[in-house]
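Everything quoted here is computed from the prediction, not taken from an experiment. Reckoned from all heavy atoms, side chains included, excluding hydrogens, waters and symmetry mates.
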Amino acid sequence: MKAIEIMMEEHRNIKIALEILRKYSLKLLKGEEVNLQNFYKIIDFIRNYADKHHHGKEEKMLFNKMVDELGAPAEKLVKFGMLVEHDLGRLYIKDLEEALESLKKGKEDAKLDIIANAIGYCNLLKRHIDKEDGVVYKFAEKNLSKDTLEKLEAECEEFEKEAEKEEIQNKYLKLIEKLNID
């Protein structure tokens, strides 16, 4: 299934960004030189690639179809699992950005909040991705009707065409490639 395959590929890209975020957090912990702008670049990746682009497809397309067609089991899985975790991830990133701003203002103890929020986000997303790849997507593929899966394919294809105009994939894949070297 192409839409699900695309989402799983995006998960692999997000995991690369998570490893980069861990790497920067470790450098900060060790007192090594860290370009704080790289943290902001990862935040940009997370907000625009992982959240807006990837989670956008899940939230606007896949999850809604699951809840509409599959009822209570899907509703519990989506509304009380996946969407809660998406929101928690957004909170970690907001708090990470606030901690970076505090550090720029000279608050040395903000390093603790940077590391805590970065690692909290990484741990949350790794588990979240594993659940989606191993449970949610399989549940959807197995239980959604053929017609619904075809609609999902068409919507995802249209979504990707719009994203191509903005070069979302290209821009953010180049970004993580560059950050992985820095």
Side-chain angles (χ1 to χ4, degrees), residues 1-24 41-71 73-93 118-181:
M1 173 177 197
K2 192 174 180 200
I4 300 282
E5 288 170 10
I6 289 169
M7 288 185 236
M8 291 177 77
E9 178 63 30
E10 290 168 352
H11 279 165
R12 288 187 282 279
N13 297 330
I14 293 165
K15 282 184 171 183
I16 292 168
L18 297 177
E19 287 305 313
I20 295 167
L21 186 56
R22 286 182 59 83
K23 178 175 75 172
Y24 291 150
K41 289 175 183 176
I42 289 290
I43 290 171
D44 178 45
F45 175 91
I46 290 166
R47 286 189 172 145
N48 290 295
Y49 183 86
D51 198 23
K52 182 179 177 187
H53 183 75
H54 175 75
H55 290 160
K57 280 187 283 197
E58 290 175 338
E59 292 176 3
K60 294 174 187 166
M61 296 173 214
L62 177 62
F63 293 167
N64 286 338
K65 285 174 179 30
M66 290 174 68
V67 170
D68 290 346
E69 187 171 315
L70 305 176
E75 184 172 19
K76 286 179 185 175
L77 180 63
V78 168
K79 289 186 178 178
F80 305 115
M82 300 301 99
L83 294 178
V84 169
E85 291 177 1
H86 285 185
D87 285 343
L88 183 55
R90 292 174 185 123
L91 177 63
Y92 276 124
I93 296 307
I119 299 305
Y121 180 80
C122 289
N123 291 338
L124 171 72
L125 256 284
K126 283 180 183 177
R127 286 190 308 272
H128 178 81
I129 287 169
D130 289 345
K131 283 186 270 185
E132 284 182 340
D133 287 352
V135 178
V136 178
Y137 293 167
K138 288 181 181 357
F139 180 70
E141 288 178 313
K142 183 178 178 184
N143 294 292
L144 289 173
S145 70
K146 184 179 182 214
D147 184 51
T148 300
L149 290 171
E150 288 172 0
K151 287 177 185 173
L152 175 64
E153 291 297 324
E155 288 176 14
C156 185
E157 188 175 317
E158 188 60 34
F159 189 93
E160 288 298 328
K161 282 181 186 175
E162 288 300 312
E164 268 182 45
K165 292 176 187 174
E166 299 175 38
E167 296 191 8
I168 298 292
Q169 293 279 357
N170 190 37
K171 174 184 177 181
Y172 287 105
L173 295 183
K174 282 183 179 179
L175 176 65
I176 59 171
E177 185 178 312
K178 182 182 180 321
L179 292 174
N180 210 13
I181 294 168

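- Between E155 and the options K60, K65, K161, a salt bridge (charged side-chain N to carboxylate O under 4.0 Å, His left out) holds for only K65.
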### Message
Determine whether I93 and R90 satisfy the following criterion, side-chain contact (heavy atoms from CB on, under 4.5 Å), listing intermediate values before the conclusion.
### Response
CA-CA 5 Å; I93 296 307; R90 292 174 185 123; 5.8 Å; no

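- Residue I6 holds its CD1 atom at 11.0 Å from CZ of F159, rounded to the nearest 0.5 Å.
- Electrostatic pairing of K57 and E160 counts as a salt bridge here, judged by a charged N lying under 4.0 Å from a carboxylate O.
- The two residues T148 and L144 come nearest to each other via the heavy atoms CG2-CD2, 4.0 Å.
- Atom CD1 of I119 is separated from atom CG of L124 by 12.5 Å, given to the nearest 0.5 angstrom.
- Contact of the H11 side chain with the H54 side chain is registered, since non-hydrogen atoms from C-beta on lie closer than 4.5 Å.
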### Query
Taking it one step at a time, do Y24 and I42 satisfy side-chain contact (heavy atoms from CB on, under 4.5 Å)?
CA-CA 10 Å; Y24 291 150; I42 289 290; 4.3 Å; yes

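- Salt-bridge annotation for E75 and K79: present, with a side-chain N of the basic residue lying under 4.0 Å from a carboxylate O of the acidic one.
- The line from CD1 of I176 to CG of L18 is 9.5 Å long, rounded to the nearest 0.5 Å.
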### Query
Does the pair E19 and K23 meet the rule for a side-chain contact (heavy atoms from CB on, under 4.5 Å), with working shown?
CA-CA 6 Å; E19 287 305 313; K23 178 175 75 172; over 6 Å; no

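- Side-chain atoms of D51 never come within 3.5 Å of backbone atoms of G56 as a donor-acceptor pair (strictly under, hydrogens ignored).
- Here D44 does not pair with K41 in a salt bridge; the nearest charged N to carboxylate O distance is not below 4.0 Å.
- You'll find the side chain of H86 reaches within 4.5 Å of the side chain of L83, heavy atoms only.
- Using a 4.5 Å cut-off on side-chain heavy atoms (C-beta onward), K171 and Y49 make no contact.
- In terms of modelled atom types and a separation under 3.5 Å, the side chain of E153 and the main chain of A3 share a donor-acceptor contact.
- Residues R22 and N123 meet the side-chain proximity criterion, which asks for heavy atoms closer than 4.5 Å.
- Here K151 pairs with D147 in a salt bridge; the nearest charged N to carboxylate O distance falls below 4.0 Å.
- Here the side chains of I20 and F45 are not in contact, with every heavy-atom distance at 4.5 Å or above.
- For the atom pair N180 CG and K178 NZ, the distance stands at 11.5 Å (nearest 0.5 Å).
- At least one side-chain heavy atom of M66 sits less than 4.5 Å from a side-chain heavy atom of F63.
- For the pair L62 and I4, the minimum side-chain heavy-atom distance is below 4.5 Å.
- The neighbour count for E167 CD, taken as heavy atoms of other residues, nucleotides or ligands under 6.0 Å away, does not exceed 12.
- At a threshold of 4.0 Å, the pair E9-R12 counts as salt-bridged, since one of the basic side-chain nitrogens sits closer than that to a carboxylate oxygen.
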### Query
How far apart are the C-alpha atoms of K165 and E162, what are their side-chain angles, what is the distance that settles it, and do they pass the salt bridge (charged side-chain N to carboxylate O under 4.0 Å, His left out) test?
CA-CA 5 Å; K165 292 176 187 174; E162 288 300 312; 3.0 Å; yes

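- A donor atom on one side chain and an acceptor atom on the other are not found under 3.5 Å apart for N13 and Y172.
- The aromatic rings of H128 and H55 stand perpendicular to each other, their planes meeting at an angle above 60°, with 30° marking the opposite boundary.
- Atom CG of N48 and atom NE2 of H53 lie 11.0 Å apart (nearest 0.5 Å).
- Partners of F139 by ring pair (Phe, Tyr, Trp, His ring centres under 6.0 Å), not counting sequence neighbours: none found.
- Separating the CG atom in D133 from the CE atom in M8 is a distance of 4.0 Å, to the nearest 0.5 Å.
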### Message
The test is side-chain contact (heavy atoms from CB on, under 4.5 Å); show your working for I168 and K52 and say whether it passes.
### Response
CA-CA 10 Å; I168 298 292; K52 182 179 177 187; over 6 Å; no

### Task
List the steps, then state whether side-chain hydrogen bond (donor to acceptor under 3.5 Å, both in side chains) holds for E58 with Y137.
CA-CA 10 Å; E58 290 175 338; Y137 293 167; 2.5 Å; yes

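- Annotation: side chain of V67 is not in contact with side chain of L70 (no heavy-atom distance under 4.5 Å).
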